[in-house]
2 protein chains.
Amino acid sequence: MKNNDRKFDILYSIIRDYIKTAEPVGSRTIERKYNIGISSATIRNEMADLEEMGYLVQPYTSAGRIPSDKAYRLYVDRFMKKVDVDSYIKEDVRSLYRHYFGELEEVMNKTAQILTKLTNLTSLVSTPNISGLNIKDIHLIHIEDERVLLVVITEQRIVKSAEIRLTGTPTDEMLEHVANFLNLSIKDMMTEFRASDFASRVDALTPGEQKIVSEVVNTIKVIFNSEEDSRVISNGVTEIFRYPEFRNDMDRTKSFLEAIHRQDLLSYLFSTVQDDSVSVRIGEENGMEELSNCSVISATYKINGRPVGTIGVVGPTRMDYDYCVSVIETLTNELTNHLDETIGGGKESDTSGR
Amino acid sequence: MKNNDRKFDILYSIIRDYIKTAEPVGSRTIERKYNIGISSATIRNEMADLEEMGYLVQPYTSAGRIPSDKAYRLYVDRFMKKVDVDSYIKEDVRSLYRHYFGELEEVMNKTAQILTKLTNLTSLVSTPNISGLNIKDIHLIHIEDERVLLVVITEQRIVKSAEIRLTGTPTDEMLEHVANFLNLSIKDMMTEFRASDFASRVDALTPGEQKIVSEVVNTIKVIFNSEEDSRVISNGVTEIFRYPEFRNDMDRTKSFLEAIHRQDLLSYLFSTVQDDSVSVRIGEENGMEELSNCSVISATYKINGRPVGTIGVVGPTRMDYDYCVSVIETLTNELTNHLDETIGGGKESDTSGR
DNA sequence: GTTAGCACTCACCATGCATGAGTGCTAACA
DNA sequence: TGTTAGCACTCATGCATGGTGAGTGCTAAC
């Protein structure tokens, strides 16, 4: 019915205005700034309705209205428009990426920086999670005495290294044997090692070598199973000072900053994303009391079509959803493409993205 | 003269009190809490003198006094006492370190965490700077196509790896040749490569291999010369909210946090340490406008007697210098010892520390 | 259903005032 | 000459007060 359309037109205007100004929006403001063609009195009536429906909140009796989380939800679900961000991004991003191939850490850092620069929000980027990936190659490098560097290359051509401390000093020959054995045994095998698969072939090795095998396998298990492996990098945490609702509220700022500096919370935040494409979680939807004033927009990036990590932004619920969603979407694609071009190349599945 | 002693007794009491309470200290407070045996009126006279001498500051006419940076300087130089922190630290730290050998990143993270936990201040830890170290070993691992992983082990047994992108796909044989050549040429040679040294021996290689050599050498140069290599890890940045002088001053908090999140500033901060042992820089002494409200206590840690990095804490100028200096001193020694035990072992120089 | 008008609410701001911590100065004392 | 008591003075802080203005809800008229 026509009536409801108008209600939501007004709601839309209020949300847009509040996103821009961070000030409670009054009926006269709507009448003046957005020509809906009805008087402020009528708008007032509609606003009263919208408040009763749970879309608006009045901070105090005679103030204007503020959109509720429910309003933002509606906005995101029904009113959000795609913004063409390519023009902003293409040049900048691609030329930036061009200089950072291979070094994943660096690529992720740059991505976070770009995200912050584009959105003026705190950005979060999780490093690729390699748990569950297949191993392609294993190398063992003797550092000195009982110290050995383990280098693992996955099917996706992600390189991981870790130091192993053996109980005794191995000879180069032993290490070579062990590496050869592992490469033969592990090829095309899931990182879920099962003892039985080894037992049949491990006999060919000396007891000392077998011991090394088990230490290496243990380390690989740790690397490939630990959640801890996938760190979340943050950037632009002080962007929060841009926003008056934080700048004028030390407590809020404090709890935001405390949350954003805790790896465990950030990991949790990203682990609870369900959406396959871009996820928007508004206020309490993100499931973290510490960030109940904030919205989180995130999406997963892929390597060879396999989701391996997440990028996102965190900011006040009053954020420009249209723009931010588009930025995240575009940047996720750019990142996925970049990774496929530089480290991808396995034939595991076809490349998604543009 | 006796007169001056009393003055500085009073100054000492004021500093101790202000460090503890963060409130301007009045003459009556001194009279009551610290029994110097003179009346508040006399103390007032002395305080007026101390103010004229530049040791005290009055925030407004009828308030108590606050120590100036000059006062803290005097305090650190003349009154500071060593605190026995071993009892706090020994068990905790050593058992913590015991689980993190080899993985330098991890060790540095833990160190920062311990520092924050012990001092309730923001801690900074720079990762070991390897520029200028000697190379012991070079390994090349073929990842795929034109991607090669370079692993460099220094005399100090620090392991660094970086990915190299060649212009064509090398054979395993080529990589082996190149690695052998480099290991022979580089052994015991400073990381300052000189073209002439190569020229004589490089002829034995094929043109393709020579190309790889130059790409590897370039990468090594980058690794070993870039300042960027030595990152500064921070921990406990939100500890700053503990301190009322920041908690009640958004601007101050903002600029602290903005500074502490800038790698370039942190690197600069650590690059300007001169002191060989524990360095204490009070307020503007640290040379950074952004941190002119803060003091920085830092010290360098070593591997095989060679200074390779810095650890430190940053906090309000009103900090417990006695305690913090002792913590930094002890922890630097513990870290140096730990590194010598786990990765050290080169005979370059004798081990310092306990 | 829409609008004008009006009384009402309440954050915000400026002002004024009392309070109290702390000072500087002076005069008396040892 | 150094120390102390006394006192007037200063000024941040807290609290009450009143005016202002943005904005509302309600009612009555269109």
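Below, read A as the first sequence line, B as the second, and so on, with proteins coming before strands; counting in each chain starts at 1.
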Go through the steps for I311(A) and S298(A) under the test side chain to side chain contact (heavy atoms under 4.5 Å, CB included), then give the verdict. CA-CA 6 Å; I311(A) 74 175; S298(A) 58; over 6 Å; no
Summarise protein proximity over nucleotides 11-30 of chain C in one line of letters, 5' to 3': B for base, S for sugar-phosphate only, - for none, counting protein heavy atoms closer than 4.0 Å. S---------BBBB------
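- I30(A) pairs in a side-chain contact (heavy atoms from CB on, under 4.5 Å) with only one of the listed residues (I38(A), N35(A), I14(A)), which is I14(A).
- Taking atom CD1 of residue I10(A) and atom C1' of nucleotide dG1(C), one finds them 13 Å apart after rounding to whole Å.
- Atom CD1 of I30(A) is separated from atom C1' of dA22(D) by 14 Å (rounded to the nearest Å).
- In this structure, E284(B) places its CD atom where only 12 or fewer heavy-atom neighbours from other residues, nucleotides or ligands lie under 6.0 Å away.
- Contact annotation: T42(A) side-chain N/O to dT2(C) OP1/OP2 distance is not under 4.0 Å.
- When rounded to the nearest whole Å, the span between CD of E23(A) and P of dG21(D) equals 17 Å.
- A salt bridge links K254(B) with E258(B): at least one charged nitrogen is closer than 4.0 Å to a carboxylate oxygen.
- Atom CD in E31(B) sits roughly 13 Å away from atom P in dG6(D) (whole-Å rounding).
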Ring pair (Phe, Tyr, Trp, His ring centres under 6.0 Å) between F246(B) and F241(B), worked out: CA-CA 6 Å; F246(B) 285 84; F241(B) 289 111; 9.2 Å; no
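- Evaluation of the salt bridge (Lys or Arg N to Asp or Glu O under 4.0 Å) rule for R281(B) yields no partner, not counting sequence neighbours.
- Annotation for R28(A): atom CZ does not count as buried by contact number, only 12 or fewer foreign heavy atoms lying within 6.0 Å.
- Two residues are said to be in side-chain contact when any heavy atoms from C-beta on lie closer than 4.5 Å; L118(A) and Y323(A) meet this criterion.
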Its dot-bracket string being built from Watson-Crick and G-U pairs below 3.5 Å, with | for another strand and [ ] for crossing, DNA chain D has the pattern ||||||||||||||||||||||||||||||
